[in-house]
2 protein chains.
Amino acid sequence: MENELTVVLEQLTRLVRQLATAGELSMSALMLLGRLEREGPQRLTELAVGEGVSQPGMTQLVGRLERDGWVRRTTSTGDRRGVLVEVTPAGRELVGVRRNQRAEALNHLLSTLHPEDQAAIGRALPALTRLIEARTSVTTPRSTTHV
Amino acid sequence: MENELTVVLEQLTRLVRQLATAGELSMSALMLLGRLEREGPQRLTELAVGEGVSQPGMTQLVGRLERDGWVRRTTSTGDRRGVLVEVTPAGRELVGVRRNQRAEALNHLLSTLHPEDQAAIGRALPALTRLIEARTSVTTPRSTTHV
DNA sequence: TCGTTTTCCATAACTGTATTATGCATCGTT
DNA sequence: AACGATGCATAATACAGTTATGGAAAACGA
């Protein structure tokens, strides 16, 4: 079974790689924007932990997004060291558009499958969620397992 | 349903990103080595198409792998323009080790799930394979859909 | 209150991964 | 023999990620 899973994972990896370099925004950027849109303004360090990248990596990502007008750095908290990152209206708009595109594409893809296949995927989703959950909780910082 | 699928895809993206920068070999490199080990020596252009990257991208990837001794460029075919890329013994060894690590990790992960969850994933694998199949066949070169 | 430690972020330096545009050698074809 | 097509390499660029380091502000401890 894990062989077949491996094939699926490798194909998904190719998919993710292509998505990461296509269109106006990278996958990392889109996911960050999505988080900010869902959860509201957050500290830079929180974002780094949440997205699973290093703090300097997050600083740079936020820098690029700020340069292009999708997010804004503010310092509104009492702590003057802290930086609060928030999505701009333009960024919010962009997230909405991309979310719709994605939902549409996924629905179209799913519609090409037989109903039994759709049902099988639907029934496996909670399990898949838990599978990934198990991995991320097992993983200690910077000790990635070799999946 | 596509919302839940999206969550799984996003989590997978984080996983892929972490795997891509961890350990001695990137995800791209491992997948290329795996292909060469499975399917034997191949032309550089074939590899680029198979892995879904541009030809210069593949040239560079092969260059890094060659520098580190995992693959070799040969020109054995009649066509003197062509480059045949083959995995070295060291590369073959490395692929085997990583494959085992991965299988072990996946099995461990699966074993943490309830049997019903495992069964659900098992039943969904063929459907997932077809889902990905549908996407890659729909996608024309450099016109990535927004999944 | 003052010194020390810790936290938060930025910067520097580096590596890798990808792209497009371009050029050169070779192959096939006419 | 010339010409177009093919195969690969290179250049230039941008993004994505890392570790190491530094500086400012906060928190803490006598």
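Note that this is a predicted model, so its numbers are computed, not measured. Below, read A as the first sequence line, B as the second, and so on, with proteins coming before strands; counting in each chain starts at 1.
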Calculate the interatomic distance between [X] atom [atom1] and [N] atom [atom2]; express it in whole Å.
X       : N      : atom1 : atom2 : answer
B:Arg14 : D:dA16 : CZ    : P     : 15 Å
B:Glu24 : C:dT15 : CD    : P     : 18 Å
A:Gln42 : C:dC8  : CD    : P     : 14 Å
A:Arg81 : D:dA25 : CZ    : P     : 10 Å
A:Trp70 : D:dC15 : CH2   : P     : 13 Å
A:Asp79 : D:dA27 : CG    : P     : 6 Å
B:Met27 : C:dA18 : CE    : P     : 12 Å
A:Gln18 : C:dT19 : CD    : P     : 8 Å

Indicate every side-chain donor-acceptor pair of residues 57-65 of chain A with a distance under 3.5 Å to a residue at least two apart or in another chain.
from, atom 1, to, atom 2, distance (Å)
A:Thr59, OG1, A:Gln55, O, 3.3
A:Thr59, OG1, A:Gln55, NE2, 3.1

Nearest to the side chain of [X] - [options]?
X       : options                : value
A:Val83 : D:dA25, C:dA10, D:dG7  : C:dA10
A:Ser28 : D:dA16, C:dG16, C:dT7  : D:dA16
B:Thr45 : C:dC8, C:dT17, D:dC8   : D:dC8
A:Gln60 : D:dT6, D:dG17, D:dC15  : D:dG17
B:Arg17 : C:dA18, C:dC8, D:dA16  : D:dA16
A:Ser54 : D:dA16, C:dA25, D:dT19 : D:dT19

By nearest-nucleotide position on DNA chain D, the 5'-leaning member of A:Arg67 and A:Pro56 is A:Arg67
Position toward the 5' end of DNA chain D (nearest nucleotide), A:Gln55 or B:Gln55: B:Gln55
How is [X] classified with respect to the nucleic acid when contacts are heavy atoms under 4.0 Å: base, sugar-phosphate, or nothing?
X       : result
B:Gly82 : sugar-phosphate
B:Arg43 : sugar-phosphate
B:Thr59 : base

Under 4.0 Å: is that the gap between some side-chain N or O of B:Arg73 and OP1 or OP2 of D:dA9? yes
D:dA16 phosphate, OP1 or OP2: any side-chain N/O from A:Arg64 under 4.0 angstrom? yes
Under a 4.0 Å threshold between the charged nitrogen and the carboxylate oxygen, would B:Glu37 count as salt-bridged to B:Arg98? no
Do B:Arg80 side-chain and C:dT26 base share a donor-acceptor contact under 3.5 Å? no
Are the side chains of B:Leu9 and A:Leu12 in touch, meaning some heavy atoms are under 4.5 Å apart? yes
Under 3.5 Å, side chain of [X] to main-chain N/O of [Y], donor-acceptor pair present?
X       : Y       : result
B:Thr75 : B:Val83 : no
A:Thr74 : A:Leu84 : yes
A:Asp79 : A:Arg81 : yes

